Amino acid sequence: MQYFRRLSIIRSSFRFLSLSSSSIVNVHASTTHEELYEINKLMNNYNNSHVPIRTVALFEWMSNIINLKPDFICYTQIIRACGEINNLKLCQKIHEFIDKDQTLQSKEYYQLQIKLIYMYAKIKHIELAEEIFQQIKNRSFDINLYGTMFKGYNMNGQPEKTIRLFENEILNKKTIQLDAISATCVLSACSSSHRLDIGHNIYNEVVRLKLLEPPNIRLATAIIDMYCNCGSIDRARKLFDQLLPIADHITYSILMKAYLSINQPVQVLSLFHQLQSSSSSISPDAVLYLHVINACQQLGLPHQAENIHRAIPSFIIEKNLSVQTALINMHSHCLQVNEAYRLFSLLKQKDNHTLANLIHGFAINGQGQRALKLFEDIKLELKLNEQTYKMILYACKFTDGLVDEARKIYKIIPEKYKTPDIASIMVSILARHSLFDEVQSFIHQYKSKSTDVSSLWSALFMVCYHSGNVQYAKSIYDQIKDDPFLLLLFSDMTNSLLSNEIFNYFQQQLPGKCRTEIKNNNTMNYTVYEFHDNDLSNFPLLNSELNIIIDELKSVNINWQLTKNDLKQLFCGHISVRLAIVQNFVLNPSSTVIQLTKTKPLCSTCHEGIKHLTLIKQCDIILKDDIRIHHFHNGKCSCHDKF
Ligand SMILES: [Zn+2]
Ligand SMILES: [Zn+2]
């Protein structure tokens, strides 16, 4: 009803305007041709100005009031307007009107059918678009028709239909060749359906048909996007490098996002540095900065975080709340909690996600008291969610002596948020304080609320493992025997046999990584180095330096020599972190602080070795693993050996 009311208002105002002012539309022009020309021009203006309802009003007025017959161009304008207005009846009315027009030439009618297909796709009635498509005879000669249908399916979230149509009518029949637009559409469908086979086939066709000559950035971006989403990022990168001179924001953004999704932040930073180089004409926007900030967050290295923060123009930070919160999250994860806290205090709109990240920053740094103070200050200002409650308990877990505070917080957590995840942190806190009776009754009580208590037992076992409480660990064996990771740890702590199946399972896991940033000689710049747990043979020089360290550690009964059945190596990896440390000693022997981030959890053998290295090398080592931050200083660690 509202639509018709608006239509009627516009029509009456239009009638008044058009009849009284010849400067808007000259309906008194001497010929029908001139009248139509004026009307089509006006419709085009309305469509370009995003007021399609006026085009519709004008169409109704000309066909009903002044009885002027629309021509082909007029139809294209009204179809375009209908595609913008989500009104099926109106679209069908125009469709019927066109179908009844016997004066249209067959070529014109065919062109209008393609436009009607697009119109129905746009208003999400793809079945009506399909109907028209099926009615068209001899359709295997026009790639434009297929391009429209592909676009329609993609717009309606049916990429698999795009691929099927391409396979059935183009790939198999081979009567028609792709053009840049249709190839872009099928590539986009392959990207969302992860069909590398078809996507790669199209890329070969694009090369054969020379569709990238001259360079076509939209098509190239579609290929890169397809390879990224189909897990073939190396191919995407190769094409990106070839097309570098024409790469734009979107191309960079797609590639950066893909690297972030597979945890390769170093590649994101190198793309960013490439972008900053003098040869690039692109100035990064907020979206690209967000990718780079996220990359720094993944890296967890403070100097990289500082550099990126400094590189972002202040107007971009001030204008974008998402950039501000991303910076807080980044600094929280990069050992810069003071900076994160400063930015958080300035934030006009505080939210749970950012708060939780900041509390997490305090937690992994062992600054539980600061986290609690922040929590107390803000709990009346913000309606806290599950994530924030989880992080505040996490903060109590990593700082000794906060068991009373944790109990109080757990009490005020709304019942709906007392998930197994949150309850298991509570178990950890109690167990770390050796309150095993309380742990047992806590788990017993929790069982009455939820049948899923496996994560609570896991948390309890992890504390036993790290504190070497073999007896207690054995007593809860039945509760953990379904978890391969816990069984691995159990075998490690009790020197018992591990099944070949589990051993092989962990051996086949992707190698872990360790990253470090090392100051370049005589400059303030830091270079990021990344090592993998299967990298030993790739760095012969570092390997021989590592052997010297292994000998030094042997003298204090710490065994860093690799052995075949070392169970700790299965979860820690050992190699990447050790190579990263040696790289620091080699490149910067006078360094007083080494920064490391490790993607897998640290084992106690590496932990003991690093403690000793800080003593003999008189150098602090700050290591962030996937659980917390260890600040090694003078033979000790800030975690007090509680992981
Ligand atoms: Zn290790
Ligand atoms: Zn530690």
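In each ligand, atom 1 is the first atom listed, and ligand 1 is the first ligand listed. Being a predicted model, the structure only gives us computed values, none of them experimental.
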Parallel, tilted or perpendicular for [X] and [Y], by the 30°/60° rule?
X: His631; Y: His633; answer: perpendicular
X: His360; Y: Tyr394; answer: parallel
X: Phe490; Y: Phe461; answer: tilted
X: Tyr465; Y: Phe571; answer: perpendicular

_SG (Cys606) - the Zn ion (ligand 1) - SG (Cys603) angle, nearest 10°_ = 110°
*Run the salt-bridge test on Lys238 and Asp234 with the 4.0 Å N-O cut-off and return the result as yes or no.*
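Judged by the 4.0 Å cut-off on N to carboxylate O distance, Lys238 and Asp234 do not form a salt bridge.
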*May I ask you to check whether His607 and Phe632 place their ring centres under 6.0 Å from each other?*
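Between His607 and Phe632, which both carry aromatic rings, the centre distance is below 6.0 Å.
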_Before we go on, tell me: are the rings of Tyr410 and Phe442 under 6.0 Å apart, centre to centre?_
yes
*State the atom name: nearest N, O or S atom of His574 to the Zn ion (ligand 1).*
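In His574, the heteroatom (N, O or S) nearest the Zn ion (ligand 1) is ND1.
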*Distance below 2.8 Å from the Zn ion (ligand 2): protein N/O/S atoms*: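 Counting only protein N, O or S atoms under 2.8 Å from the Zn ion (ligand 2), the list reads His607 NE2, His630 ND1, Cys637 SG, Cys639 SG.
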